[in-house]
Amino acid sequence: MKRMIVLLLVIAVAVPAFAHKASDAYLTVARDGAILSGRWDLALRDLDLALGLDADGDGEITWGEVRARQDAIAALALTRLAISSGGEKCTLQATDLTIDTHTDGAYAVLALAGSCPHPGPTLAIDYSFLFDIDPQHRGLLNYVEAGESRSLVFSAEHPRQVAGGDAGGPLAQFAAYVHEGVWHIWLGFDHILFLVSLLLPAVLVRRDGAWQAATKFRDAFWDVARIVTAFTLAHSITLTLAALSIVSLPSRWVESAIALSVVLAALNNVFPIVQRGRWIAAFAFGLLHGFGFAGALADLGLPTGSLALSLAGFNIGVELGQLAIVAAFLPVAFALRSTWAYRRVVLAGGSTAIVAIAGAWLVERAFDLSLFAPLAAG
Amino acid sequence: MSVMQRGSAWRKLGVVMAAAVSMTGAAVAAPYLPTDDSVVLERLPEKLDPALGELKRMRVALKADPANLDIALIVARRSIEAARETGDPRFLGQAQAALAPWWSAADPPAAALLLRATVRQSQHDFAGALADLDRLITKRPGDGQALLTRATILTVQGRYADAQRDCARLLRLASGLVTTACLASASSLHGDAAGAYRGLTQALLRAGDTADAREWALTLAAEIAWRRGDAAAAEAHFREALALDSRDGYLLGAYADFLLDRNRAREAATLLAGGTRNDALLLRLALAEKALPDRRSEFAVHRQQLADRFAAAKQRGDTLHLREEARFRLDIEGDASAAVALALANWNVQREPADLRILAAAARASGDGEAGRIVAAWLASTRIEDAAVVALAGGPAR
């Protein structure tokens, strides 16, 4: 027992702070449009731990030993770094290997080149070099875009960083997220169909169990305004809560519920139950749609440095996209409101079609099936 | 410490860090292509210590069988020892990796729990380490290793009464010297330096302990003697300890501090001539060179190296070097306000005599009232006997 104590004695008094530099790698990533370039400095000591560079086992790493494993070094590095933008993976190659010296020894320097097929405002970088061998390893990222650079740190606890999105100043960044928000609502068929389902009856009035044309444009306008405002308010609340990680819901649950909301909204046009209070439905279901927007925003990535600005930009983009739809819809619907075609074909037929489409989404999403995948992409 | 004080300390630290970050990135070297295959680019640690080559082979064996607790424990323990001997934190990370299957487990096997606590302690995760040790000691009340490790952490945190309770439980589990040294560590900082010193020197008279234990006790005796102002006794203990192990980084640093206090900078510089890879020793070497007019050029080089290393640590978000950095800012850069912010942040983490001393020195140099009050309150509440700190805090001069 005493011997054991003495052994640990050595360990117990090991409290003083450590005296050498810990394991770091230095990663520079520069982005110019779709093109990526960069360099990655990896300590030879760390590469030796991961790959066993010291072929002859003499405790020294020569340039010949490094050169012999050039391909293995590049292959390892590229499996430990993944970059994506706009929700799609970017390509990445190691084009050259040289040597550099940092305060704690020699490093292999990999030159990196790549491209992103659909560059979004941000770049998501997943880093996993050496964490399995030394969890105290850090990847020190220097991200360069539009002549500006910023530093981010990868650790075993934070292997993913979102860079960019704040390049080119706050205004450019804000504009980029507004743009993404607009596109998201236009490409998100489920949100459009929900909104359209609520809007279709706005130019009509239900009297004695039958649809009649609204007499004044102003009434129709205010009906639409109430619905759109309620929807906006609701999804802004949940989008913010989810984007700030205050509330989070499983995405399958959210996506299924969104599909259900579309079914119910369209069904209400065919078999009207709720009439006066459609804005309440817009608000209640809008809360759900906000979680859906948050999922899209998560794919896009929010820059940590200016979260609020980007979030506001995305939200405003969604509103603008929505208003554009309303602006296109309302005058046409008002003009056609008295026609048989509007009531029978557009309202009844359209709503029935929406029920069918959204019903299929609901089945797909709830049971994780793929009935007609392309349409469900929104 | 009140929340307000802590907030203020961190705010000050933030200012210092912002200033330091703006200075980093100055040294950007250019990559090159070596001309010859035979060029040696890097010397691995096993070049100096063949035992580390054996550790490397054990790690390969563990990689093939990562869930094998027996191999994992050997790799983790030897990695921790290597970290201690070389001062290289890469080995601590490797110890953590060896414990990976048990690292996040709620209830790992006792031996893994002990090593996990040791790694956490080295990473300054004292709360995590104490939680592990509490669990371990509840499970195995007679685990002397766990008690000793917990006592060490409690002493670092300034919780002397709790530490002494753990030390007392070692009586029947460890040698008299280990138990006495454990008790003396705490009691010497808690108003009984004379008694602690007497007990320690008496225990040292008895033979039968290992060199490691004796070296530890002798270093402790030297530090207590010097805190009490007895230079001759301190010198004798330091020399006896160095005769047992002349490479122990902690001992070298403590003796160098003593020599610097005694205005024996040339001896300190000679002592540390080979220690430039170790940040803590490099700091003392630079301090010695600063006092030696014929070492101007060496001083300039080492000062820059230290600045680079602190910048590198900052870049990775490392806060393990606050004490050393505070001393660097104060005694080498002459930046008292940066030093006091660092010393306060460090004080929130650890409260060893060296932490109190740099806080007192920085408080005095900067005139920071908050830091001065903390030092005065600590002196009064713990009754620590430290001539240098008392002098800095405005008491009777040494």
Side-chain angles (χ1 to χ4, degrees), chain A residues 1-24 39 41 43-46 48-49 52 54 57-67 98-107 109 130-138 140 142 151 153 155, chain B residues 29-34 36-44 46-47 53 80-81 83-84 86-90 92-94 96-97 100 118 121-122 144-145 148-149 152 156 173-175 178 210 212-213 216 249-250 277-281 305 308-309 312-313 315-318 320-321 323-324:
Chain A
M1 193 65 190
K2 277 185 185 175
R3 252 193 80 211
M4 221 161 79
I5 292 284
V6 170
L7 178 84
L8 234 288
L9 172 66
V10 172
I11 292 172
V13 293
V15 168
F18 276 88
H20 289 238
K21 199 168 146 302
S23 166
D24 294 323
R39 84 178 243 193
D41 296 22
L44 292 184
R45 277 190 62 187
D46 292 336
D48 176 63
L49 288 175
D54 183 17
D58 66 349
E60 291 181 338
I61 297 175
T62 63
W63 171 236
E65 284 170 334
V66 174
R67 226 164 42 84
T98 49
I99 298 294
D100 201 354
T101 309
H102 290 267
T103 56
D104 63 335
Y107 282 61
V109 180
L130 213 70
F131 291 149
D132 51 335
I133 293 169
D134 180 352
Q136 294 303 314
H137 173 79
R138 299 281 185 274
L140 307 181
N142 178 35
S151 305
V153 180
S155 63
Chain B
Y32 66 96
L33 209 58
D36 195 311
D37 274 359
S38 64
V39 176
V40 175
L41 301 173
E42 185 68 87
R43 284 184 177 79
L44 299 170
E46 59 260 36
K47 183 77 184 172
I80 292 169
E81 285 166 6
R84 158 81 177 146
T86 62
D88 188 338
R90 274 187 165 91
L92 272 184
Q94 291 163 26
Q96 182 180 340
T118 308
Q121 161 204 12
S122 307
Q145 302 180 346
L148 182 57
T149 308
T152 307
V156 169
L173 301 167
S175 79
V178 168
T210 63
D212 278 343
W216 176 45
Y250 181 81
R277 273 190 77 111
N278 180 321
D279 293 353
L281 298 186
Q305 277 182 2
D308 290 347
R309 291 190 196 175
Q315 223 184 333
R316 82 194 304 273
D318 211 334
L320 296 178
H321 297 70
R323 177 203 291 169
E324 281 75 19

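Every chain is numbered from 1 and lettered A, B, ... according to where its sequence line falls, protein lines coming before strand lines.
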List the steps and the verdict of side-chain contact (heavy atoms from CB on, under 4.5 Å) for Ile61(A) and Leu44(B). CA-CA 8 Å; Ile61(A) 297 175; Leu44(B) 299 170; 3.8 Å; yes

When rounded to the nearest 0.5 angstrom, what is the spacing between OG1 in Thr98(A) and OH in Tyr32(B)? 9.5 Å

For His137(A), is it the side chain, the backbone, both or neither that has a heavy atom under 4.5 Å from a heavy atom of chain B? backbone

Could you pull out all residues at least two apart from Asp37(B) that satisfy side chain to side chain donor-acceptor pair (under 3.5 Å)? Arg67(A)

Is it the case that the side chain of Arg316(B) and the backbone of Gln136(A) share a donor-acceptor pair, with hydrogens and angles ignored and the cut-off at 3.5 Å? yes

salt_bridge(Arg43(B), Asp54(A)) N-O dist < 4.0 Å: no

Using a cut-off of under 4.5 Å for heavy-atom pairs, which of Val66(A), Leu140(A), Asp132(A), Asp41(A) has the most such pairs with chain B? Leu140(A)

Which pair of heavy atoms, one from Asp134(A) and one from Gln94(B), lies closest together, and at what distance? OD1-N, 4.3 Å

Closest-packed option against chain B by number of heavy-atom pairs under 4.5 Å, given Asp58(A), Val109(A), Leu49(A), Val153(A): Leu49(A)

Residues two or more places apart in sequence or in another chain: which of them pass side chain to side chain donor-acceptor pair (under 3.5 Å) with Glu42(B)? none

Arg90(B)/Asp46(A) salt bridge by N-O under 4.0 Å criterion: yes

Spacing of Asp318(B) atom CG and Arg138(A) atom CZ [to the nearest 0.5 Å]: 7.5 Å

Contact origin within Ile99(A) toward chain B - heavy atom pairs under 4.5 Å: both

Under the side-chain contact (heavy atoms from CB on, under 4.5 Å) criterion, do Val40(B) and Trp63(A) qualify, and how do the steps go? CA-CA 6 Å; Val40(B) 175; Trp63(A) 171 236; over 6 Å; no

Please determine, among Leu130(A), Asp48(A), Leu44(A), the option with the most heavy-atom pairs under 4.5 Å with chain B. Asp48(A)

Bottom line for Ser23(A): the part with an atom under 4.5 Å from chain B's heavy atoms is both

Only pairs of heavy atoms separated by less than 4.5 Å count here; which of Ala106(A), Pro135(A), Gly57(A) has the most with chain B? Pro135(A)

With chain A, which of Ala97(B), Gly317(B), Gly249(B) has the greatest number of heavy-atom pairs at distances under 4.5 Å? Ala97(B)

